[in-house]
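Computed from heavy atoms alone, side chains included, the values below leave out hydrogens, waters and symmetry copies.
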Amino acid sequence: MLNSTDRILTTHVGSLPRVDGLADLLIAREAGQTVAAADFDAAVTRATDQVVARQLACGVDIGNNGEMPRPNFASYIASRMTGFGKGGAQTRPIPLDAQKFPTWFEFTNSSGRRRMNVYEWPQAIGPLEYADLTGLEAECDSFSHALDAAGTPFAETFMTAVSPGFAATCLANNYYDSQEAYVFALAGELAKEYRAIVERGHVLQIDAPDMGMESQGYYQDKSVPEFIAAIEMHVAALNQALAGIPRDQVRLHVCWGNRDGPHVHDVPCAELLPVIYQAEVGAVSLPFANPRHAHEIEALRTQPLPDDMILVPGVIETTNNYVEHPLLVAERLQRCVACVGDRERVIASTDCGFGTIAGDCFTTEDVAWAKLEALSEGARIASERLWG
């Protein structure tokens, strides 16, 4: 994993708006409609080529495939593993924010923006097995095609994969004897995907919003200490899944949910850092641009980042259509460097993904690219100030 040796490098959290009508095909497939495989594959190829070229044009140093073939960042595994299906009594709990602010929740779900039901994803109804890596290999192949077509390479590439903990909280368990057994079963199978991504030459990014957002979701009836204990179990399962993968080839994304909601029930970052630091990873991605958590970068002064970890701070918001001024981005990066105490261990990023769920974006496609351009320009300004 690269450090910001000579300047502040730039990246993002992974998902980008699905381009060229791809979101419509993904939503149709998720709804059980017939989509010709050849049409879908061609659309994925075109979209991946486009988003790779656009990232490079925006000045992104560490890029990916934008998660183009995935309906979302988590439930995609249901089509790659056996043991998942529809039905069962359990559904995903409504977050505490929605319960306290029902008018906001009604507005969010009635505005026509959301096109995929995130509360009725597939469930575990049998033993899980990731026996066939065909879906992942096809995704890697389309990314390789896009990289070859672009010509100009990224400084480094990454690919995302869901954490065992979040997969277990968003895909309900209707088979295993306990939630812990379910989390570790997922870890055992997801390990195959993790290793395959690294073997293809990419940095592995683990998407683990469970470590923040599930305090007001799946674990909303738990106290903060009980929630932290549950997350420690999630991290133990993740570390098991990462066994044998060098930690400097893995980065971990943690957040409180990629939504423009109130977030008043979010657990403070300071409460989470000790358990996040237990993860066997080389970098941690945290959102520090949004209005609820921007101030929490200061927690790294009292709970320092481990010496062998890189910070990938969010300095661009992904749930609004303001394009951050590059000078603000530079100021945020300088503050991050001051809190970490090492300019080489900071890589500029976004708070979260721009398209975590296909067809469910808060930021429009054209604004998303403008934000990435502002990220690159802000990193350039910060680099001039930090390196002279």
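Atom CG of D221 sits in a crowded spot, with more than 12 heavy atoms from other residues, nucleotides or ligands closer than 6.0 Å.
With contacts defined as side-chain heavy-atom distances shorter than 4.5 Å, the pair L190/V162 qualifies. The shortest distance between side-chain heavy atoms of M159 and N65 falls below 4.5 Å. A 4.5 Å side-chain heavy-atom check between L300 and L273 finds at least one atom pair inside the cut-off. You'll find the side chain of R80 stays beyond 4.5 Å of the side chain of D132, heavy atoms only. Taking 4.5 Å as the limit, every side-chain heavy atom of R251 sits out of range of all side-chain heavy atoms of L204. The shortest side-chain heavy-atom distance between H145 and D49 falls under the 4.5 Å cut-off. Looking only at side-chain heavy atoms (C-beta outward), I8 and V337 come within less than 4.5 Å of each other. By the 4.5 Å heavy-atom criterion applied to side chains, F354 and P17 are counted as neighbours.
Ion pairing between a basic and an acidic side chain is recognised when a charged N comes within 4.0 Å of a carboxylate O; K192 and E129 show no such pairing. Using a 4.0 Å cut-off between charged side-chain N and carboxylate O, R380 and E384 make a salt bridge. Salt bridge status for R18 with E365: absent, with no side-chain N to carboxylate O gap under 4.0 Å. Using a 4.0 Å cut-off between charged side-chain N and carboxylate O, R292 and D266 make no salt bridge.
Both V51 and V60 belong to a single network of hydrophobic side chains, linked directly or stepwise wherever heavy atoms of I, L, V, M, F, W or Y lie under 4.5 Å apart. Linking Ile, Leu, Val, Met, Phe, Trp and Tyr residues whenever their side-chain heavy atoms come within less than 4.5 Å places F166 and L242 in a single cluster. L2 is not connected to V346 by any chain of hydrophobic side-chain contacts under 4.5 Å among Ile, Leu, Val, Met, Phe, Trp and Tyr, and they are in different clusters. Using a 4.5 Å cut-off between side-chain heavy atoms of Ile, Leu, Val, Met, Phe, Trp and Tyr, with links allowed through other members, F288 and Y277 fall into the same hydrophobic cluster. Following chains of ILVMFWY side-chain contacts shorter than 4.5 Å, one cannot reach V312 starting from I316, and the two form parts of different hydrophobic clusters.
For N174 and Q123, the side-chain atoms include at least one donor-acceptor pair closer than 3.5 Å. A donor-acceptor contact closer than 3.5 angstrom is absent between the side chains of S383 and R343. Side-chain contact, D141 with S144: no donor N or O sits under 3.5 Å from an acceptor N or O. Using modelled atom types, one finds no donor on one side chain facing an acceptor on the other under 3.5 Å when comparing E106 with T103. S163 and D210 form a side-chain donor-acceptor contact under 3.5 Å, judged by distance and modelled atom types alone. Residues E226 and Y219 have side chains that never bring a donor and an acceptor to within less than 3.5 angstrom of each other. Judged purely by distance below 3.5 Å, without hydrogens or angles, the side chains of D61 and T10 pair a donor atom with an acceptor atom. No hydrogens or angles considered: a donor-acceptor pair under 3.5 Å links the side chains of T160 and R70. Checked by atom type, the side-chain pair H12/N64 shows a donor-acceptor distance below 3.5 Å. Using a 3.5 Å distance cut-off with no hydrogens or angles, the side chains of Q216 and Q99 do not pair a donor with an acceptor. Counting only N and O atoms by type, the side chains of N258 and T318 include a donor and acceptor under 3.5 Å apart. A side-chain donor-acceptor contact under 3.5 Å links Q179 and Y218. Side-chain contact check for T364 and D366: at least one donor-acceptor pair (N or O, by modelled atom type) lies under 3.5 Å.
In this structure, D207 and E67 approach most closely via the heavy-atom pair OD2-OE2, 3.8 Å. When all heavy atoms of G212 and L272 are compared, the closest pair comes out as CA-CD1, 4.0 Å. Residues A124 and F84 approach most closely at N-CD2, 3.7 Å, considering heavy atoms. The two atoms that bring L9 and N3 nearest to each other are CD1-O, 3.3 Å, heavy atoms only.
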Output, in order, the C-alpha distance, side-chain angles, deciding distance and verdict of side chain to side chain contact (heavy atoms under 4.5 Å, CB included) for V13 and S349. CA-CA 7 Å; V13 168; S349 187; 3.9 Å; yes

Candidate pair E214 and K222, rule salt bridge (Lys or Arg N to Asp or Glu O under 4.0 Å), full reasoning: CA-CA 10 Å; E214 292 304 338; K222 305 296 184 184; over 6 Å; no

With ring pair (Phe, Tyr, Trp, His ring centres under 6.0 Å) as the test, would you mind laying out the steps for Y176 and F184 before giving the verdict? CA-CA 10 Å; Y176 290 91; F184 276 87; over 10 Å; no

Residue pair L147, V52: steps toward the side chain to side chain contact (heavy atoms under 4.5 Å, CB included) verdict: CA-CA 7 Å; L147 292 170; V52 166; 4.2 Å; yes

Please evaluate residues K371 and T350 with respect to the criterion side chain to side chain contact (heavy atoms under 4.5 Å, CB included), reporting the C-alpha separation (whole Å), side-chain torsions for both, the decisive distance (0.1 Å), and the verdict. CA-CA 9 Å; K371 281 173 171 278; T350 57; over 6 Å; no

Under the criterion side-chain hydrogen bond (donor to acceptor under 3.5 Å, both in side chains), I'd like the reasoning laid out for S376 against E373: C-alpha separation, chi angles, the key distance, then a yes or no. CA-CA 5 Å; S376 297; E373 290 174 351; over 6 Å; no

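Partner of H202 under the ring-ring contact (aromatic ring centres under 6.0 Å, His included) criterion, chosen from F158, F143, Y194: F143. Screening H265, H293, H263 for a ring-ring contact (aromatic ring centres under 6.0 Å, His included) with W256, the sole residue that qualifies is H293. Results of the salt bridge (Lys or Arg N to Asp or Glu O under 4.0 Å) test with R200 over E193, E137, E139 single out E137 as the only residue that passes.
Checking side-chain atoms of R247 against main-chain N and O of E280 turns up no donor-acceptor pair under 3.5 Å. Here the side chain of N239 pairs a donor or acceptor atom with the backbone of Q278 at under 3.5 angstrom. One N or O on the side chain of E324 and one on the backbone of E317 form a donor-acceptor pair closer than 3.5 Å. Remark: side-chain polar atoms of E331 are not paired, donor with acceptor, to backbone N or O of A382 under 3.5 angstrom. Side chain of T11 to backbone of I62: a donor-acceptor contact under 3.5 angstrom is found. Side-chain N or O atoms of N320 include one that pairs as donor or acceptor with a backbone N or O of Y322 at under 3.5 Å. Remark: the backbone N or O of Y76 is paired with a side-chain donor or acceptor of S79 at under 3.5 angstrom.
T363 contributes atom OG1, which lies 5.0 Å from atom CG of N321 (distance to the nearest 0.5 angstrom). Atoms OG1 and CZ, on T5 and R345 in that order, are 12.5 Å from each other to the nearest 0.5 Å. Annotation: the span from Q334 atom CD to L386 atom CG amounts to 5.5 Å, rounded to 0.5 Å. We find the CG-CG distance between L252 and L238 to be 6.5 Å, quoted to the nearest 0.5 Å. The SG atom of C269 sits 6.0 Å away from atom CD1 of I276, with the distance rounded to the nearest 0.5 Å. In this structure, NE2 in H234 is found 10.0 Å from CG in L186, a value given to the nearest 0.5 Å.
With a 6.0 Å cutoff to the six-membered ring centre and a 45° limit on the axis angle, R29 counts as a cation-pi contact of F40.
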